[in-house]
Each structure stands twice: as C-alpha cells, then as structure tokens.
S.K.: 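Shown below is the structure under consideration.
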Amino acid sequence: MALACVAGTLPYLVVTQPVSAGEVLTLERALRAAQERSHALAAQDAAAQSAREMAVAAGQLPDPTLRLGIQNLPVSGPDAGSLTRDFMTMRSIGVMQEITRSEKRDARAARFSREADAAQALRLMQLANLQRETAMAWLERHVQERIVQALRMQSGEAALQVEAADAAYRAGRGSQADAFAARSAVAQIEDRIRQAEIQLATATTNLARWVGDEATRPLGTPPSLNTVRLDALSLEARISQHPEILALAARETVAQAEADLARANKRADWSVEIMYSQRGPAFGNMVSIGVAVPLQWDQKNRQERELASRLSMAEQLRAEREELARQIVSQTRRWLQAWRGNLDRVDHYARSLIPLAAERTRAALAAYRGTAGALATVLEARRNEIELRLENLRLELEIAALWAQLEYLIPEEHAAGAVGLR
C-alpha cells in the first residue's frame with residue numbers, strides 16, 4: 001500500500017504495483033493515440049486534397065469539343081441518300097474551343113483553394129474536439145478511480161467499527177442495535193462502491209471511444225489542473241485562432257471567392273470553331289470558321305443578382321463570425337471564473353472542511369471506545385466525512401472538465417506556453 005495525493009485533497013490509499021513507463025497511459029499518449037485513430041481528421045485531409053486537385057483543374061482551359069456531322073443530305077429525289085452527288089452535301093469534322101479568360105480561370109481556381117482552406121479549418125475544429133473529449137475522458141476515469149479508492153478505504157475503516165461494535169456487545173458495553181447499525185453502514189458503503197465501479201467502467205468505455213484498447217492500461221501521472229495555456233488578459237486577441245472562428249472565416253473566404261467568380265462571369269466567354277467539310281469528288285471542299293458569344297442581355301436580373309447574392313452571403317458569414325467570437329469570449333470567461341472558483345473550493349476542502357470532518361470522526365470514535373460516546377455519533381461523523389470527501393472529488397471532476405475545455409479551446413499546435421492564472 002502507498003499514500004498518494006493530488007493538490008487540493010488529502011492523501012488517500014492506493015494499491016500500487018510495479019508498472020513500466022511504457023505500459024501506463026499518460027494523457028499525452030492518449031491524445032496521440034486518439035489523433036492516430038481518428039477517421040474524422042483523415043476525412044478532412046482528403047477533403048482538402050480533393051479541393052486542391054480541383055483548384056488545379058479549374059485553372060485550365062475547358063477541353064476542346066470535336067464535332068462530326070453530315071450537312072444537307074438529300075432525302076428525296078434521284079440523289080436521296082447519296083453523300084457525293086449533290087453539291088451541297090458535306091461531311092464535316094471540326095473543333096470548337098471555349099476561350100475562358102485567365103482572370104475567370106484564376107477565380108475558379110481560387111474558389112477551390114479557399115475550399116481547401118475551409119477543409120483544413122474544419123480539420124482543426126475536429127482536432128480541438130478530439131483533444132478536448134479525449135482529455136475529459138482520461139481525467140474522468142482518473143477521478144472515478146480515486147472515488148472507488150476513497151470508498152474502499154472508508155469501507156475498511158467501517159469494517160473495523162463492526163468488529164468494535166461486536167466486541168462491545170459481547171462485553172456487555174454495547175447494544176445489538178449498535179452492531180446492526182455498524183453493519184448497515186458497511187453495506188451502504190459497499191453499495192456506493194458498486195455504483196462507483198459502474199461509473200468507472202463507463203468512464204473507461206468513454207475513453208476507449210478515443211484511444212481503443214489502450215483505455216484499459218493503468219493511467220499515468222495526471223497533469224496539473226491549476227494552470228492552463230490560455231491567457232485571460234489576451235483572450236479576445238487569441239480567440240481569433242479558435243477553430244470555430246477559423247472555420248467560419250474560411251467559409252467567408254469561400255463566399256468571397258464565389259463573389260469574385262460571379263463578378264468575372266459578368267464578362268462572357270467566347271467560343272471559336274473551325275470546321276473542314278468534304279463534298280463529292282466533283283466539288284471542292286470547304287473550311288468554316290465561327291465564333292460564338294453568349295448574349296448577356298439581362299445582366300441586371302441575372303449576373304448582377306448572382307453577384308449581389310454572393311456578396312450578401314459573405315456579409316452574412318462575417319456577421320456570424322463576429323457574433324460567434326463574442327459568444328465564445330463570454331463563455332470562456334464563464335469557464336475561467338468557474339474553474340478558479342472550484343479551485344478555491346477544493347483548496348478550502350483540503351485545508352478546512354475535510355480535516356475538521358476527519359478530526360470529528362476520530363473524536364467520536366475515541367469517545368465511543370472510551371464508553372463516553374454513542375456509536376450513532378461515530379456513524380454520523382463518518383457519513384459526513386465520506387460525503388465531504390466525495391463532494392471534493394466531484395468538484396475535482398468539474399475542475400477537470402473545465403480545465404479540458406480551457407486547455408484545448410485552441411488545439412495545442414496553435415497555442416503558446418503555459419500561463420498560471422491563480
């Protein structure tokens with residue numbers, strides 16, 4: 001047996017076994033495993049690569065069109081069906097090429113490049129979610145293990161009270177009701193242990209969602225929950241790197257690129273065609289050259305409306321991005337306040353509430369052993385101590401969840417050094 005403790009709590013008993021460093025699952029190892037197993041990240045990588053490939057294709061001229069045909073074929077009279085006897089009958093082969101202006105091709109390529117950026121922004125958002133959820137699952141399992149250990153320690157101490165109550169009853173210093181009360185207290189703690197073990201199993205299953213089979217490994221040393229990498233003083237400046245903000249900004253650039261393309265579409269593209277026509281052996285062959293130009297006769301209600309729509313979409317996304325930034329800043333400040341407040345509460349539990357409850361339990365137990373106190377007072381004091389210890393651990397679970405929200409608000413690869421906020 002060994003004594004272990006975490007900042008803000010009293011020491012608790014942990015059964016330790018020799019475990020090599022390679023066998024434990026640290027938080028960093030869990031984050032790496034989750035990232036390696038993630039199909040969501042791979043999907044966004046594929047989406048970005050797809051858009052980049054399309055950007056290259058969109059920057060090229062359209063493929064030329066091969067045209068084959070027979071013109072002026074007689075269908076009646078003595079020359080019906082003949083390809084050579086009528087001077088107007090021609091067998092034609094031609095090529096038509098649409099001449100798309102370079103600025104329009106550049107605009108099309110830019111649109112797909114912006115879509116690649118948007119896919120990368122979504123990948124960053126997926127990475128932030130993955131890191132946050134993995135960290136929360138890892139920390140939840142860690143705290144649930146401590147809850148089970150704390151309850152088992154209390155169960156062992158309660159079992160000693162059963163022995164003391166039985167001995168007092170046999171010696172005629174206690175009642176049978178006291179012995180049953182002591183056994184009832186042990187049974188209640190055992191029921192809470194079973195409940196805590198179920199929650200621990202659920203926490204392990206949640207962790208396995210992200211890291212797979214490694215979720216059953218012993219956990220490594222937890223990180224300090226008293227500091228986060230986020231600087232509260234520069235929160236508004238840093239929030240521009242928040243993945244959701246970056247995703248909206250990327251969608252805004254896509255909308256702006258579509259507006260640029262709509263603006264380029266206000267100038268029509270020309271098509272050029274050259275055709276060679278072969279007639280019968282008694283007639284000369286011919287060459288035809290043609291140019292086709294779309295007639296944008298209603299630009300006011302077509303091209304200009306499309307451009308206005310694209311510009312409005314870009315403006316909508318800009319407004320949504322600014323509103324989301326305000327919302328995230330406000331929410332993050334609330335998380336920081338709750339995190340700091342819970343840290344102070346845990347400190348108060350460790351310095352005052354739990355020590356006082358433990359002293360009360362020891363005093364009641366000493367009085368009971370000296371026949372100056374009642375067993376009911378001992379059991380009440382122990383129940384109060386157990387509740388305080390469990391409430392302390394529940395607070396640490398809330399701190400862990402808030403810490404994960406703050407620590408991985410922006411993915412680690414985009415964050416600066418650690419900053420203490422206490």
S.K.: Can you tell me how far apart CZ (R345) and CG (L395) are? Round to the nearest 0.5 Å.
M.R.: 4.5 Å
S.K.: Taking atom OH of Y276 as the centre, report whether more than 12 heavy atoms of other residues, nucleotides or ligands fall under 6.0 Å from it.
M.R.: yes
S.K.: Does a donor on one side chain and an acceptor on the other come within less than 3.5 Å for T100 and E98?
M.R.: yes
S.K.: Side chain of T202, backbone of I198: donor and acceptor closer than 3.5 Å?
M.R.: yes
S.K.: Determine, for E258 against R310, whether the closest basic-nitrogen to carboxylate-oxygen distance falls under 4.0 angstrom.
M.R.: yes
S.K.: Within the distance-only criterion (no hydrogens, no angle test), does the side chain of N72 pair as donor or acceptor with the backbone N or O of M88 below 3.5 angstrom?
M.R.: yes
S.K.: Determine whether Y408 and W403 satisfy the following criterion, side chain to side chain contact (heavy atoms under 4.5 Å, CB included), listing intermediate values before the conclusion.
M.R.: CA-CA 8 Å; Y408 300 105; W403 180 87; 4.1 Å; yes
S.K.: Could you check whether any side-chain N or O of W138 sits under 3.5 Å from a backbone N or O of L25, counting only pairs where one atom can act as donor and the other as acceptor?
M.R.: yes
S.K.: Tell me whether T227 contacts the main-chain N or O of S224 through its side chain, where contact means a donor paired with an acceptor under 3.5 Å.
M.R.: no
S.K.: Is R101 atom CZ crowded by more than 12 heavy atoms from other residues, nucleotides or ligands, each under 6.0 Å away?
M.R.: yes
S.K.: Using a strict cut-off of less than 4.0 Å between a Lys/Arg side-chain nitrogen and an Asp/Glu carboxylate oxygen, indicate whether E380 and R360 qualify as a salt bridge.
M.R.: yes
S.K.: Atom OG1 of T205 and atom CG of L200: how far apart are they, to the nearest 0.5 Å?
M.R.: 9.5 Å
S.K.: Taking the basic N atoms (NZ, or NE/NH1/NH2) and the acidic carboxylate oxygens, is any pair closer than 4.0 Å for R194 and D191?
M.R.: no
S.K.: For R52 and A116, which heavy atoms make the closest approach, and how far apart are they?
M.R.: CG-CB, 3.7 Å
S.K.: Can you confirm whether M96 sits close enough to P64 that some side-chain heavy atom of one is under 4.5 Å from a side-chain heavy atom of the other?
M.R.: no
S.K.: Would you call R302 and E306 a salt bridge, using N to O less than 4.0 angstrom?
M.R.: no
S.K.: For R217, is there an ion pair with E23 - N to carboxylate O distance below 4.0 angstrom?
M.R.: no
S.K.: Would you say that T89 contacts R279 through its side chain, given a criterion of any heavy-atom pair below 4.5 Å between the two side chains?
M.R.: no
S.K.: Should S82 and P74 count as side-chain neighbours, where that means a heavy-atom distance under 4.5 Å?
M.R.: no
S.K.: Would you mind telling me which of E398, E391, E396 makes a salt bridge (Lys or Arg N to Asp or Glu O under 4.0 Å) with R394?
M.R.: E391
S.K.: Looking at every heavy atom in both P223 and L27, which two are closest together, and how far apart are they?
M.R.: CG-CD2, 3.6 Å
S.K.: Measuring from L124:CG to L41:CG, what's the distance to the nearest 0.5 Å?
M.R.: 10.0 Å
S.K.: Rounded to the nearest 0.5 Å, what's the gap from CG on N384 to CD1 on I354? Could you check?
M.R.: 10.5 Å
S.K.: What distance separates E407 CD from L139 CG, expressed to the nearest 0.5 Å?
M.R.: 10.5 Å
S.K.: Output yes when a side-chain donor or acceptor of S113 lies under 3.5 Å from a complementary backbone atom of A109, and no otherwise.
M.R.: yes
S.K.: Would you tell me whether Q296 and Q299 have side-chain atoms, one donor and one acceptor, within less than 3.5 Å of each other?
M.R.: yes
S.K.: Within a reach of under 6.0 Å around CZ of R251, are more than 12 heavy atoms found that belong to other residues, nucleotides or ligands?
M.R.: no
S.K.: Any side-chain donor-acceptor pair under 3.5 Å between Q154 and R382?
M.R.: yes
S.K.: Could you tell me if E145 and Q149 have a donor-acceptor pair between their side chains, going purely by distance under 3.5 Å?
M.R.: no
S.K.: Quick one, Q256 with E252, criterion side-chain hydrogen bond (donor to acceptor under 3.5 Å, both in side chains). Give me CA distance, side-chain angles, the key distance, then yes/no.
M.R.: CA-CA 6 Å; Q256 189 60 54; E252 184 182 344; over 6 Å; no
S.K.: Under the side chain to side chain contact (heavy atoms under 4.5 Å, CB included) criterion, do M125 and E244 qualify, and how do the steps go?
M.R.: CA-CA 6 Å; M125 189 165 67; E244 292 185 31; 3.5 Å; yes
S.K.: Working note: I239 + I410, criterion side chain to side chain contact (heavy atoms under 4.5 Å, CB included); need CA distance, chi angles, decisive distance, verdict.
M.R.: CA-CA 8 Å; I239 215 67; I410 298 171; 5.6 Å; no
S.K.: Could you tell me if E140 and Q144 have a donor-acceptor pair between their side chains, going purely by distance under 3.5 Å?
M.R.: no
S.K.: So which heavy atom on L130 is nearest to which on A34, and how close?
M.R.: CD1-O, 3.4 Å
S.K.: Could you go through the salt bridge (charged side-chain N to carboxylate O under 4.0 Å, His left out) check for R383 and E387 one step at a time?
M.R.: CA-CA 6 Å; R383 279 195 299 270; E387 289 301 327; over 6 Å; no
S.K.: Drop me the distance from L127's CG to L31's CG, to the nearest 0.5 angstrom.
M.R.: 9.0 Å
S.K.: So, T361 and E385: side-chain donor and acceptor under 3.5 Å apart, yes or no?
M.R.: yes
S.K.: When you look at CG of D298, are more than 12 heavy atoms from neighbouring residues, nucleotides or ligands closer to it than 6.0 Å?
M.R.: yes
S.K.: Is the side chain of S184 donor-acceptor paired with the backbone N or O of F180 at a distance under 3.5 Å, no angle test?
M.R.: no
S.K.: For A237, is there any backbone N or O sitting under 3.5 Å from a side-chain donor or acceptor partner on S240?
M.R.: yes
S.K.: With E214, which of R32, R141, R29, R37 fulfils salt bridge (Lys or Arg N to Asp or Glu O under 4.0 Å)?
M.R.: R29
S.K.: Passes side chain to side chain contact (heavy atoms under 4.5 Å, CB included), Q44 versus Q120? Steps please.
M.R.: CA-CA 7 Å; Q44 294 305 324; Q120 286 298 323; over 6 Å; no
S.K.: I want to check something: taking the side chain as every heavy atom from C-beta on, are M275 and E273 in contact at a cut-off of under 4.5 Å?
M.R.: yes
S.K.: Side chains of L261 and R108, heavy atoms from C-beta outward: is any pair under 4.5 Å?
M.R.: yes
S.K.: Do E115 and R111 meet the salt-bridge criterion of a basic N to acidic O distance under 4.0 Å?
M.R.: yes
S.K.: Say whether, by atom type as modelled, one donor and one acceptor occur between the side chain of R114 and the main chain of V254 under 3.5 angstrom.
M.R.: no
S.K.: Evaluate the side-chain proximity of I99 to D269: yes if any heavy-atom separation is below 4.5 Å, no if none is.
M.R.: no
S.K.: Is the shortest heavy-atom distance from the side chain of L397 to the side chain of L393 under 4.5 Å?
M.R.: no
S.K.: Find out whether Q97 and P62 are in side-chain contact, i.e. whether some heavy atom of one side chain is under 4.5 Å from a heavy atom of the other.
M.R.: yes
S.K.: Could you tell me whether the side chain of W339 and the main chain of L225 form a donor-acceptor pair under 3.5 Å?
M.R.: yes
S.K.: Test of understanding: with side chain to side chain donor-acceptor pair (under 3.5 Å), list the residues that count as partners of S330, not counting sequence neighbours.
M.R.: R334
S.K.: Has the side chain of K104 got a donor or acceptor atom that lies under 3.5 Å from a matching backbone atom of A268?
M.R.: no
S.K.: Do N206 and R209 have side-chain N/O donor and acceptor atoms under 3.5 Å apart?
M.R.: no
S.K.: Salt bridge between D344 and R340, side-chain N to carboxylate O under 4.0 Å?
M.R.: no
S.K.: Which atom names give the shortest non-hydrogen contact between R91 and T84, and what distance separates them?
M.R.: NH2-CG2, 4.2 Å
